Amino acid sequence: VMLNVGCHRVDLTRYLFGAEIEAVLAYTPALGKRYSNGALINREDHAMVTMRLSNGVVGTMWISWCNYGAKDMDTWIFGERGTIRICEGKSVLLNHRDGEETRYALTPTEADLNGWSVVHSFLDSVASGQATAVSGEDGLSCMRVLDAIERSNAEGVWCRVL
């Protein structure tokens, strides 16, 4: 689940907070996802990760393939001035501490909905000689976080992102 879904949340965290994830404490069991023969999958299907960022922000990421019934693809960010909720990529909802609520509608293109905007962006970068929107260093940073999550789960302790 971390390679399939969690990596995108790691990238989003780094992007939204403008900081690197420097340490994690993780529990990543296989709870319910099974092979066709009924055996549990041999990788995590659920992940709970507490993380510390380089700018002092502390947060928790919960990723799961075990949400049977209701779909939950929202991203929630809780802060000292309120809450941000990214609603399945369709809108952003701000709930301010004073009770005010602001909603911003997102209007994805057909290419966005089908995942092609990422491909087109990459091809445009190659054709124009411009830097890609996401660098290889970004990918490496994400993989280092995923490695620390795996180590933390195995050892049961906080692990630094190397």
Side-chain angles (χ1 to χ4, degrees), residues 1-21 24-36 40-41 43-55 57-125 132-150 152-153 161:
V1 76
M2 285 306 299
L3 277 173
N4 183 261
V5 179
C7 59
H8 300 295
R9 298 297 190 244
V10 167
D11 288 339
L12 184 62
T13 298
R14 293 176 58 242
Y15 173 77
L16 289 176
F17 292 99
E20 294 299 320
I21 298 170
V24 297
L25 177 63
Y27 177 58
T28 63
L31 295 176
K33 194 95 166 148
R34 298 183 179 274
Y35 292 110
S36 59
L40 280 173
I41 63 170
R43 294 294 302 184
E44 79 280 351
D45 60 9
H46 188 85
M48 295 175 287
V49 181
T50 300
M51 60 191 138
R52 185 179 68 239
L53 279 63
S54 58
N55 61 3
V57 169
V58 175
T60 302
M61 178 173 22
W62 175 69
I63 308 292
S64 182
W65 280 334
C66 299
N67 296 345
Y68 303 115
K71 180 171 73 167
D72 180 9
M73 295 175 50
D74 291 358
T75 298
W76 293 78
I77 300 166
F78 299 92
E80 59 190 42
R81 294 186 292 179
T83 303
I84 300 171
R85 180 179 174 192
I86 304 169
C87 308
E88 292 190 27
K90 297 175 183 170
S91 64
V92 176
L93 181 63
L94 305 179
N95 289 103
H96 306 271
R97 186 166 66 181
D98 64 6
E100 181 183 338
E101 184 175 287
T102 309
R103 181 179 296 270
Y104 298 95
L106 303 175
T107 52
T109 66
E110 188 67 29
D112 292 331
L113 294 172
N114 294 321
W116 283 102
S117 61
V118 174
V119 174
H120 290 290
S121 174
F122 175 75
L123 293 175
D124 288 344
S125 295
T132 56
V134 179
S135 71
E137 285 296 321
D138 289 323
L140 181 58
S141 292
C142 180
M143 293 308 296
R144 286 180 172 148
V145 172
L146 296 183
D147 179 60
I149 289 169
E150 195 167 309
S152 176
N153 179 67
V161 176

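Bear in mind the structure is a predicted one, so any value in this text is a computation, not a measurement.
Closest of all the heavy-atom pairs between C66 and L31 is SG-CB, 3.9 Å. Closest heavy-atom contact between T132 and V134: OG1-O, 2.8 Å. When all heavy atoms are compared, the tightest approach of D45 to G32 is OD2-N, 2.7 Å. For the residue pair A30 and L40, the shortest heavy atom distance occurs at O-CD1, 3.7 Å. Minimum interatomic distance between S152 and A26 (heavy atoms only, all atoms of both residues): OG-N, 2.8 Å. Listed here is the closest heavy atom pair of A148 and V161: CB-CG2, 3.9 Å.
When the side chain to side chain donor-acceptor pair (under 3.5 Å) test is applied to S141, no partner is found at least two apart in sequence or on another chain. Looking at residues two or more places apart in sequence or on another chain, you find a side chain to side chain donor-acceptor pair (under 3.5 Å) between H96 and T102. With sequence neighbours excluded, the residues forming a side chain to side chain donor-acceptor pair (under 3.5 Å) with S135 are D138, listed by chain and number.
At least one side-chain heavy atom of M51 sits under 4.5 Å from a side-chain heavy atom of T13. N153 has its side chain within reach of Y27: a pair of non-hydrogen atoms, C-beta onward, lies under 4.5 Å apart.
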Candidate pair M48 and T60, rule side-chain contact (heavy atoms from CB on, under 4.5 Å), full reasoning: CA-CA 7 Å; M48 295 175 287; T60 302; 5.6 Å; no
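Taken to the nearest 0.5 Å, the CH2 atom of W65 stands 5.0 Å off from the CG atom of N4. To the nearest 0.5 Å, the span separating CZ on R103 from CG on L94 amounts to 10.0 Å. Note: T107 OG1 to K90 NZ = 13.5 Å, rounded to the nearest 0.5 Å. The distance from the OG1 atom of T28 to the CD atom of E150 is 7.0 Å, given to the nearest 0.5 Å. To the nearest 0.5 Å, atom CG of residue L146 and atom CD1 of residue I21 are 9.0 Å apart. In this structure, the separation between CD1 on I77 and CG on L12 is 6.0 Å, given to the nearest 0.5 Å.
Using a distance-only test at 3.5 Å, with no hydrogens or angles considered, no donor-acceptor pair links the side chain of D74 to the main chain of R85. Judged by distance alone, with hydrogens and angles left aside, the side-chain atoms of T75 form no donor-acceptor pair with the main-chain N or O of I86 at under 3.5 Å. Remark: side-chain polar atoms of S125 are paired, donor with acceptor, to backbone N or O of S121 under 3.5 angstrom.
More than 12 heavy atoms of other residues, nucleotides or ligands sit less than 6.0 Å from atom CZ of F78. Counting heavy-atom neighbours within 6.0 Å of E137 CD, excluding the residue itself, gives a total of 12 or less. More than 12 heavy atoms of other shown residues, nucleotides or ligands fall within 6.0 angstrom of atom OH in Y35.
Checked options R9, H46, E44, R43; the residue passing with M2 is E44 (criterion: side chain to side chain contact (heavy atoms under 4.5 Å, CB included)).
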